[in-house]
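The sequence lines fix the lettering, A, B, ..., with proteins before strands; numbering per chain opens at 1.
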There are 2 protein chains.
Amino acid sequence: MSKGEETRERILDRAFLLAGRDGFDGLTIGALADELKMSKSGLFAHFGSKEELQVAVLDLASSRFTERVMIDAFKAPRGLPRLKRVFENWVEWGLDARMPGGCIFTQAHAELDDVDGRPREVLAESERVFQEALAKTVKLAVDEGHFKKGTDCEQFAFELEGIMKAMHMFSRLLRDRRAADRARTAFERLVTSHRS
Amino acid sequence: MSKGEETRERILDRAFLLAGRDGFDGLTIGALADELKMSKSGLFAHFGSKEELQVAVLDLASSRFTERVMIDAFKAPRGLPRLKRVFENWVEWGLDARMPGGCIFTQAHAELDDVDGRPREVLAESERVFQEALAKTVKLAVDEGHFKKGTDCEQFAFELEGIMKAMHMFSRLLRDRRAADRARTAFERLVTSHRS
DNA sequence: CAAGGATAAGAACGACCGTTCTAAAAAAGC
DNA sequence: GCTTTTTTAGAACGGTCGTTCTTATCCTTG
């Protein structure tokens with residue numbers, strides 16, 4: 001790995017944290033450069049524009065999320081066990097103390113949903129892919145006979161998304177430590193009502 | 001109403017829209033003044049600080065939400081009918097085309113949850129009050145015999161919050177027109193699973 | 001209608017924004 | 001080890017930010 005790529009990764013690693021806490025607009029080149037003890041222009045040269053930096057952070061976030069939540073869940077047998085694993089990984093991701101702003105996607109969703117441009121497109125696409133993967137995971141649970149036939153898998157994924165968003169709000173805004181338990185309870189109810 | 005109060009309301013009315021679309025940080029005094037054809041300083045004088053302006057917008061948002069979603073629902077008989085009315089009002093609020101950024105609270109929740117200060121406190125407090133009101137509405141449905149005894153009303157409110165947040169994301173980020181139906185389906189399932 | 005207070009405008013402030021340009025330093029390839 | 005390319009720094013740009021201060025205008029009240 002060249003020196004440039006190495007630096008770029010170091011920048012993105014920090015940018016990932018800053019964006020989660022301060023938002024993608026609040027993520028400023030100057031502040032980021034200060035934290036990394038670099039010059040603004042030196043840092044800037046790695047991306048060419050702020051929008052490019054935002055996209056790079058989104059890509060990093062996607063790959064980390066996919067790795068830690070989805071890929072890991074493939075270790076569990078398909079069907080309900082894998083779905084449960086996805087859910088638990090997701091909860092862990094959302095509460096991960098190493099991410100000072102909580103789930104970076106929750107931040108991004110609210111911030112970028114009205115702003116046309118590449119960051120919005122990239123985010124929306126990754127969310128679509130994720131929703132499909134979620135629905136497919138549910139579908140496997142149907143195929144394995146864990147869930148009722150006729151289960152609306154996309155609807156299931158929609159509701160999962162809601163549970164996580166609620167958890168995030170309770171945990172971050174209200175600082176309610178029962179947030180994770182609430183999420184688990186909701187998940188259990190969701191699973192139970194689709195069991196065959 | 002004095003001239004000053006009148007102007008203040010005109011400012012807040014516009015600020016409410018801008019904050020929902022561009023965020024509470026993206027809501028800038030200059031842009032707001034331009035839209036209203038006022039000078040920055042003239043507008044600024046009404047609030048004294050940007051933080052104060054943000055708080056005023058949050059207060060306005062709370063009172064509008066309370067009026068349109070909660071107060072209106074009191075026209076329906078207590079119990080399940082009222083809960084349904086709350087839900088439908090909430091959906092309508094979340095999709096209201098007059099608010100160009102969608103639900104202003106969804107924006108605020110993500111943006112302010114990590115920023116210490118009065119806006120955060122005001123927002124969190126109003127959210128707590130709202131959650132209590134929601135839980136109480138559910139409680140009445142239990143008392144009326146519509147829901148099972150032992151229903152966890154706060155848990156119910158938590159899940160409602162999640163449904164709305166998911167709807168917001170599907171509607172705004174993914175531009176999925178089935179978002180409202182997905183939310184209604186989720187609500188029906190939630191209601192059904194607690195029916196006595 | 002006049003006086004006095006409320007309301008608005010205008011110019012200026014230091015700070016920071018993203019971005020550009022030029023040069024120096026560091027790394028890579030031969 | 002020298003040359004070429006990649007990587008970084010530094011200064012400067014026009015622009016916008018929230019905020020302050022002074023001045024003018026409008027509204028209200030007597």
In 5'-to-3' order, the base (B), backbone-only (S) or no-contact (-) status of each nucleotide in nucleotides 14-21 of chain C, using a 4.0 angstrom heavy-atom cut-off, is ---SBBB-

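- Between R8(B) atom CZ and dA6(C) atom C1' there is a gap of 15 Å when expressed in whole angstrom units.
- Nucleotide dT8(D) holds its P atom 9 Å from the CG atom of L43(A), rounded to whole Å.
- Taking atom CG of residue D22(B) and atom P of nucleotide dT16(D), one finds them 15 Å apart after rounding to whole Å.
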Before you tell me yes or no, could you show the steps for L83(B) and L160(B) under side-chain contact (heavy atoms from CB on, under 4.5 Å), namely the whole-Å CA-CA distance, both residues' side-chain angles and the distance that decides it to 0.1 Å? CA-CA 11 Å; L83(B) 182 62; L160(B) 274 177; 4.2 Å; yes

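- F147(A) is linked by a ring pair (Phe, Tyr, Trp, His ring centres under 6.0 Å) to F156(A), counting only residues two or more places apart in sequence or in another chain.
- Counting heavy atoms from C-beta on, the side chains of H109(B) and E161(B) come closer than 4.5 Å.
- Using a 4.5 Å heavy-atom cutoff, the side chains of L190(A) and E159(B) are not in contact.
- Protein atom NZ of K37(B) is 14 Å distant from nucleotide atom P of dG10(C), rounded to whole Å.
- Both the sub-6.0 Å distance and the 45° axial angle are not jointly satisfied by R182(B) relative to the ring of F170(B).
- Only one option out of W90(B), F105(B), W93(B) pairs with F130(B) in a ring pair (Phe, Tyr, Trp, His ring centres under 6.0 Å); it is W90(B).
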Is there a side-chain contact (heavy atoms from CB on, under 4.5 Å) between I11(B) and M38(B)? Walk through the geometry before answering. CA-CA 10 Å; I11(B) 296 172; M38(B) 287 183 66; 4.2 Å; yes

One character per nucleotide, please: for nucleotides 24-30 of chain C, 5' to 3', B when the base has a protein heavy atom closer than 4.0 Å, S when only the sugar-phosphate does, - otherwise. ----S--

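- When each of E125(B), Q131(B), E132(B) is checked for a side-chain hydrogen bond (donor to acceptor under 3.5 Å, both in side chains) with R128(B), only E125(B) meets the rule.
- Counting to the nearest Å, the C1' atom of dT7(C) and the CZ atom of F47(B) are 13 Å from each other.
- Rounding to whole angstrom units, CG of residue D34(B) and C1' of dT16(D) are separated by 11 Å.
- As judged by a 4.0 angstrom heavy-atom cut-off over every strand, A45(A) is placed among the base-contacting residues.
- Rounded to a whole Å, the CD atom of E9(A) is 16 Å from the C1' atom of dT7(D).
- T7(B) places a side-chain heavy atom less than 4.5 Å from the side chain of K3(B).
- The side chain of H46(A) places an N or O atom within less than 4.0 Å of a non-bridging phosphate oxygen (OP1 or OP2) of dT8(D).
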